[in-house]
Amino acid sequence: MRRPTAGLLGLLGLYLAWELAALTVAGNAVPNPRDTFGRLVEDGWEYYGPHIEGTGWEALRGFFWGNLIAIGLAVLVILVPPLERVITQIGVASYCLPIIAVGPILTIVLEDDAPMVAMAALQVLFTTLIGVLAGLRAADRTCLELVQAYGGGRWAQLVKVRLIAALPSSFAALKIAAPSAVLGAMIGEFLGRVDQGLGLAMVVAQQQLATERTWGVALVAGLLAGGGYAVVALIARFAAPWERKAS
């Protein structure tokens, strides 16, 4: 089965499941899809535009800084192997920290939308660290030995062999990190300190018992996260074309 056909069938299955849930779940907790889409169209870009801009900008900055730190730590492990245990523990700690508990602390320490950026960065750090590190270690042993035979050290092996070898695994991690950054930014917005954002819009819609709008915000957030994934996937197709040919 071709991918577009499978994707369409998957969307159809989700829609039917949504319809079934709307008919069976009591209390109007699950609105009818047609009512939800109708409210989504009625609210339009005038309502969603500022919220998408706020969450998107926070997620983009968190994505950048979190991945930059993760890539730097992965490279440091390759160049200074004794640091691996410490750096791995840092990555695991960032992953295991309950973000709901860390959020209030970041809100007190940081100003404006910086807490949301920091939470988005925390959401992507571990995934990218492991993905990049696995890619750097997947370099062909023969190529590494060849560089070493010509007098190259760890830095030369990194630049000439490991970075290229790490591209597929790194982009796989970045694709996962993109939606995670959106999630981290939205969770940060649940705590306040901003006047626009999808997380804030969802909280306000819940408080107003606007079920259709709440689901509409969730759909828009999903589209934003999916858009981030698609952009990274598109970049990966051009950055590592040999992987596309191999598949």
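Quick note: residue numbers are just sequence positions, from 1. If you're wondering where the values come from, they're calculated on a predicted model, not measured in any experiment.
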Measuring only between side-chain heavy atoms, which start at C-beta, is Ile87 closer than 4.5 Å to Leu129? yes
Are more than 12 heavy atoms, taken from residues, nucleotides or ligands other than Glu111, located less than 6.0 Å from that residue's CD atom? no
What's the shortest heavy-atom distance between Arg154 and Leu79, and which atoms? CD-O, 3.6 Å
Please walk me through it: do Arg213 and Gln208 pass side-chain contact (heavy atoms from CB on, under 4.5 Å)? CA-CA 10 Å; Arg213 177 174 285 176; Gln208 295 174 345; 4.2 Å; yes
Do side-chain atoms of Glu212 reach the backbone of Thr36 as a donor and acceptor pair under 3.5 angstrom? no
Between Ala165 and Ala139, the two heavy atoms sitting closest are CB-CA, 3.7 Å
Closer than 3.5 angstrom, by distance alone: can the side chain of Asp140 be matched with the main-chain N or O of Thr142 as a donor-acceptor pair? yes
Out of curiosity, Thr107 OG1 to Met119 CE, how far, rounded to the nearest 0.5 Å? 7.0 Å
Leu16/Leu12 under side-chain contact (heavy atoms from CB on, under 4.5 Å): CA gap, chis, key distance, verdict: CA-CA 6 Å; Leu16 294 177; Leu12 178 61; 4.2 Å; yes
Nearest heavy-atom approach of Ala221 to Val182 is O-CG1, 4.3 Å
Pairwise side-chain contact, Pro115 with Val117, heavy-atom cut-off 4.5 Å (strictly under): no
Should Thr55 and Met186 count as side-chain neighbours, where that means a heavy-atom distance under 4.5 Å? yes
Close side-chain approach of Ile187 and Met116, heavy atoms under 4.5 Å: no
Assess the residue pair Leu219 and Phe37 against the criterion (side-chain contact (heavy atoms from CB on, under 4.5 Å)); give the C-alpha distance rounded to whole Å, side-chain angles, the decisive distance to 0.1 Å, and a yes or no. CA-CA 9 Å; Leu219 286 175; Phe37 287 118; 3.8 Å; yes
How many angstroms lie between CG in Leu133 and CZ in Arg162, if you round to the nearest 0.5 Å? 9.5 Å
On a heavy-atom basis, which atom in Phe171 and which in Ile235 lie closest, and how many Å separate them? CE2-CG2, 3.9 Å
Is it the case that the side chain of Ser94 and the backbone of Gly91 share a donor-acceptor pair, with hydrogens and angles ignored and the cut-off at 3.5 Å? yes
Side-chain heavy-atom pair Leu40, Val220 within 4.5 angstrom cut-off: yes
Main-chain N/O of Gly197 paired with His51 side-chain donor or acceptor, under 3.5 Å: yes
Might you point out which heavy atoms bring Tyr48 and Gly216 nearest each other, and give the distance in Å? OH-C, 3.4 Å
I need the Met202 CE to Gln207 CD distance, nearest 0.5 Å. 12.5 Å
Once you round to the nearest 0.5 Å, how far does CG of Leu144 lie from CZ of Arg141? 5.5 Å
Is there a side-chain contact (heavy atoms from CB on, under 4.5 Å) between Leu167 and Leu163? Walk through the geometry before answering. CA-CA 7 Å; Leu167 284 178; Leu163 289 179; over 6 Å; no
For the residue pair Arg39 and Tyr47, would you count it as a cation-pi contact if the rule is NZ or CZ under 6.0 angstrom from the ring centre and within 45 degrees of the ring axis? no
Side chains of Thr128 and Ile69 in contact at under 4.5 Å (non-hydrogen atoms): no
Hydrophobic cluster identity match, Val92 and Val102, side-chain contacts under 4.5 Å: no
Examine Ile71 and Phe126 and state if one hydrophobic cluster contains both, with Ile, Leu, Val, Met, Phe, Trp and Tyr joined whenever side-chain heavy atoms are less than 4.5 Å apart. no
Any chance you could measure Ile130, atom CD1, to Leu125, atom CG, to the nearest 0.5 Å? 9.5 Å
Strictly distance-based, threshold 3.5 Å: is any side-chain N or O of Asn67 a donor or acceptor partner for the main-chain N or O of Phe63? yes
With hydrophobic residues grouped by side-chain heavy-atom distances under 4.5 Å, do Ile90 and Tyr95 end up in a single group? no
Within one Ile-Leu-Val-Met-Phe-Trp-Tyr cluster: Val231 and Leu223, side-chain cutoff 4.5 Å: no
Closest contact, heavy atoms only, Gly131 versus Ala173: CA-CB, 3.9 Å
What distance do Asp113 atom CG and Asp195 atom CG have between them, rounded to the nearest 0.5 Å? 10.0 Å
Just wondering, are more than 12 heavy atoms of other shown residues or ligands nearer than 6.0 Å to CD in Gln148? no
Cationic N near anionic O, under 4.0 Å, Arg137 to Glu84: yes
According to a 4.5 Å side-chain heavy-atom criterion applied to Ile, Leu, Val, Met, Phe, Trp and Tyr, with indirect links allowed, do Val30 and Val217 form part of one hydrophobic cluster? yes
For Leu198, does its backbone N or O pair with a side-chain atom of Glu189 as donor and acceptor, under 3.5 Å? yes
